[in-house]
Amino acid sequence: MLNLFKGAFLRSITEMRRYFLNWASNIVSMFIIYFLIIFGFKTFGGPSIGDTVQAVALGYFTWLLMLTTMGDLSWTIMNEVNRGMIEQEFLSPYGPLAVFIFYELSNLLLSFPLLFLMMILMFSFARISIALPISFYVVMLLAMLQSMGMGFILGGITLMYKRTNALLQLAQFAVIGLLFIDAHGFRAMFIPIAPHFAIMKDLLAGKGLNGVYFIYTVIGTILWLCLGAAVFKFFERKVRISGNLSLY
Amino acid sequence: MLTVKNLKKTYKTKKKVVEAVKNISFTANEGEVFALLGPNGAGKSTTIKSILGLVIPDEGDIYVGGVNAIKNRKKALFMMSAVLEGNRNIHWRLSVKENFQYFGALKGLGGKRLKERMMEVSELLGIEDKLNTIAGNLSRGYQQRLAIAIAILPDVPLILLDEPTLGLDVESAIEIRGIIKLLSKQGKTVLLSTHDMNLVEAISDRVLIISGGKVVTLGTTKELKEMFKARSYKIVFERKPSGKIIDKLKEMVILEEKDNGDFAISVNFSTSSHTLYDIFEVLKEEKPQIKSIESEDPNFEEIFLRIIRGEKDA
């Protein structure tokens, strides 16, 4: 398993190094959109807009994180089918789920330094201190893990139906919708991303961490990760029954 | 090494149901080059993908090294690897070395063992000086060598090759042929699916011919050739017989005129209802001088076509 992770990590780092310009330009374009949004809020929002700017900044960054972790697997699968490598990945004795988990984790690990730098720049532009409680960053990590679970659901659908570009775009906007839900408590556990974002907003506003809500969020994260893995496995089997793994 | 028992697979779509494999059974032994032949749509790829677990069969059992590959796919995958048809085996944007590292890792290889195997197989396949070349920049022949190198990297006892010489020039195809033979000498079982009859004839120990999802015949290339031997004859004449005789012969057999002035007739008794005596009856009228009568050995391509057309039973 360690060798599998090493191999996946090496591939990620090589692809990132070789296609750095493409990767970096994606990040920069997201950055420019962010600055335009915040600039618009600051210019036209009036003097009482302070808290909203901070919420928008946090929301945008959280959305960016979700996109990175949630959609990446589906794009990877579409690329692998196009390149014709998907069958070889299915021939790994560890199974495609393990192969893709390690590949996605590698991508995430490599994106981390840049994402962190972006966070500092974005937050400072919105006058948010990054000296936030550690629980803030823990919840952020949980949010990323949960969106990885959602990514595996989308990845499983992509494995079966291949051309899911429209679905992925829809999912990106659905995540924005989720960020607007004020999700606290037991039922929030079943809603993806919303409880995480709600806790982060509370922490940003200086409210303390609610231990019960935090536990619900941890359970919710695990639930979505397990659901993602189960759905992926379901479609993995379905695609092997239908025999259309490599058909695009 | 590999046993396939009563394999059945049907693909169902909303519009139609396709019985890709109806009932296929065979065993490929250790160190054997076992060829799987059949026309397009015969069920070769479905059989190979079922062995690899890329397709889940409806019925049947598959054993790799005694392990049930359907029930214990993970264990079976540690004992086999494959080069699938086309360019579906390498990462075009990674170098040869990076391809080894990535695909080796997929099979659990790493560290010193990976380095050792990488050097061994790259030397074996003659790509040791291409390690830093991006795979997409290699020639088609070298890409295929890389694909085979990746397949043998984990040192598994069973290797499945689906159309390994497709799209290769003659020289590269001959080199690939040599590599497959070498693998079999090393004790690896090679299951080969191809349309390249020269490759089959040159290196296969046994051939399984399938058509319409069913086994048509199984045997060594020699046995299959034997099946059709002495059923074809070539009669060469000193001079071209008269037009009257030729017209009569035309209705019975295939005629051919050679560049060296000889005139010959080919008689294939598996496709013709006539006997050699019928031919002589016609020739008796003018008694043209016969230079030679030879029994013709059909090449493997002809044999394959005849078997597929059902002439074996004729």
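Each chain gets a letter, A, B and so on, in the order the sequences are listed, and its residues count up from 1. Just so we're clear, the structure is a prediction, and the values are computed from it rather than from any experiment.
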Could you look at Leu109(B) and say if it's the side chain, the backbone, both or neither that has a heavy atom under 4.5 Å from chain A?
-> backbone
CG on Leu77(B) to CG on Leu106(B), rounded to 0.5 Å = 11.0 Å
Option from Met85(A), Glu80(A), Arg240(A) for which side chain to side chain contact (heavy atoms under 4.5 Å, CB included) with Phe90(A) holds = Arg240(A)
Under 4.5 Å heavy-atom distance to chain B, tell me which part of Thr14(A) shows up: side chain, backbone, both or neither.
-> side chain
Will you find, in the side chains of Tyr63(B) and Thr27(B), an N or O donor that is under 3.5 Å from an N or O acceptor?
-> no
For Ala20(B), is it the side chain, the backbone, both, or neither that has a heavy atom closer than 4.5 Å to a heavy atom of chain A?
-> neither
Give, for atom OG1 of Thr76(A) and atom CZ of Arg83(A), the distance between the pair rounded to the nearest 0.5 Å.
-> 8.5 Å
With rounding to the nearest 0.5 Å, note down the distance linking CG in Asp58(B) to OH in Tyr11(B).
-> 9.0 Å
Please flag which part of Phe78(B) lies under 4.5 Å from any non-hydrogen atom of chain A: side chain, backbone, both or neither.
-> both
Output the option from Ser242(A), Ala98(A), Gly7(A), Ser92(A) having the highest count of non-hydrogen pairs under 4.5 Å with chain B.
-> Ser92(A)
Heavy-atom pairs under 4.5 Å with chain B are the metric here; pick the option from Arg237(A), Glu89(A), Lys6(A), Met1(A) that has the most.
-> Glu89(A)
Rounded to the nearest 0.5 Å, how far apart are OH of Tyr103(A) and CG of Asp72(A)?
-> 7.0 Å
Option in Met80(B), Lys12(B), Lys9(B) with maximal non-hydrogen atom pairs under 4.5 Å from chain A = Lys9(B)
Phe9(A) portion near chain B, given a 4.5 angstrom heavy-atom threshold | neither
Does any heavy atom of chain A fall under 4.5 Å from the side chain of Ile134(B), the backbone, both, or neither of them?
-> side chain
Examine Tyr34(A) together with Phe61(A) and report whether their ring centres are nearer than 6.0 Å.
-> no
To the nearest 0.5 Å, atom CD1 of Ile13(A) lies from atom CZ of Arg11(A) at 14.0 Å
Turns out that what part of Leu4(A) lies under 4.5 Å from chain B's heavy atoms comes down to both
Per-residue contact mode, Lys75(B) against chain A (heavy atom under 4.5 angstrom) = neither
